[in-house]
Amino acid sequence: MSPSEAKGYEPLGRTMWMIPDGYIPPDSSGSLESHESICVLNTCSEDAHLVMTIYFEDREPLEGIEAVIPARRTRHVRTAGLESEGQKIPSGVPYAITVHSDVPIIVQYSRLDSTQPELALMSVMAYPV
């Protein structure tokens with residue numbers, strides 16, 4: 001299919017995604033910082049407006065966290081930078097995320113754990129609802 005033929009295709013993805021296994025490693029070693037990212041692909045011709053909720057085992061959720069993914073672009077959203085009413089996700093604490101979008105998107109989740117020299121990289125697809 002040529003690029004001109006592809007302009008009429010339907011957007012890919014879903015409008016709700018779930019990530020049940022979040023954990024920002026508290027330490028880093030070497031030059032790479034331990035972190036997690038929500039990797040979002042927006043194939044739509046309009047911006048995707050996301051609203052995220054962070055759930056914890058032992059405290060109330062962080063709600064109403066917003067992000068915008070420009071049309072026909074990808075963006076890696078670092079979870080350590082997400083904030084709701086001045087509160088951020090603490091490192092070393094398990095959490096889960098729901099991602100709602102006003103247009104279909106694709107969501108992947110990645111974690112770089114560099115707490116020891118033999119670092120680990122995990123990347124999985126989020127669960128579409």
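If you're wondering where the values come from, they're calculated on a predicted model, not measured in any experiment.
Residue Ile97 is not grouped with residue Val129 when hydrophobic side chains (ILVMFWY) are merged at heavy-atom distances under 4.5 angstrom, including chains of intermediate members. There is a path of hydrophobic side-chain contacts, each under 4.5 Å, that joins Val93 to Tyr109. The cluster map of Ile, Leu, Val, Met, Phe, Trp and Tyr, joined by side-chain heavy atoms under 4.5 Å apart, puts Val107 and Tyr127 in different clusters.
Side-chain contact annotation: Ser91 with Tyr23, donor-acceptor N/O pair under 3.5 Å absent.
Atom OG1 of Thr74 is separated from atom CD of Gln108 by 9.0 Å, given to the nearest 0.5 angstrom. How far SG of Cys39 is from CD1 of Ile106: 12.5 Å, rounded to the nearest 0.5 Å. Interatomic distance, CD of Glu36 versus CD1 of Ile89, reported as 8.0 Å (0.5 Å rounding). Interatomic distance, OG1 of Thr98 versus CD of Glu63, reported as 8.5 Å (0.5 Å rounding). The structure places CD1 of Ile65 at 12.0 Å from NE2 of His100, a figure rounded to the nearest 0.5 Å. Rounding to the nearest 0.5 Å gives a distance of 7.0 Å between OG of Ser101 and CG of Asn42.
The minimum heavy-atom distance between Trp17 and Ala126, with the atom names listed, is CZ3-O, 3.3 Å. Heavy atoms only, all atoms of each residue included: Cys44 and Pro11 are closest at SG-CB, 3.2 Å. The two atoms that bring Thr15 and Pro104 nearest to each other are CG2-N, 3.8 Å, heavy atoms only.
Judged by distance alone, with hydrogens and angles left aside, the side-chain atoms of Thr79 form no donor-acceptor pair with the main-chain N or O of Ser37 at under 3.5 Å.
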Step-by-step side chain to side chain contact (heavy atoms under 4.5 Å, CB included) determination, Asp21 to Tyr95: CA-CA 6 Å; Asp21 178 29; Tyr95 65 92; over 6 Å; no
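With a 4.5 Å cut-off on side-chain heavy atoms, Asp47 and Val103 do not count as touching.
Residues that satisfy the side chain to side chain contact (heavy atoms under 4.5 Å, CB included) test with Arg75, not counting sequence neighbours, are Ala67, Ile69, Val77.
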Return all side-chain donor-acceptor pairs below 3.5 angstrom for residues 49-62, not counting sequence neighbours, or 'none' if the list is empty.
from  : atom 1 : to     : atom 2 : distance (Å)
His49 : ND1    : Asp102 : OD2    : 3.0

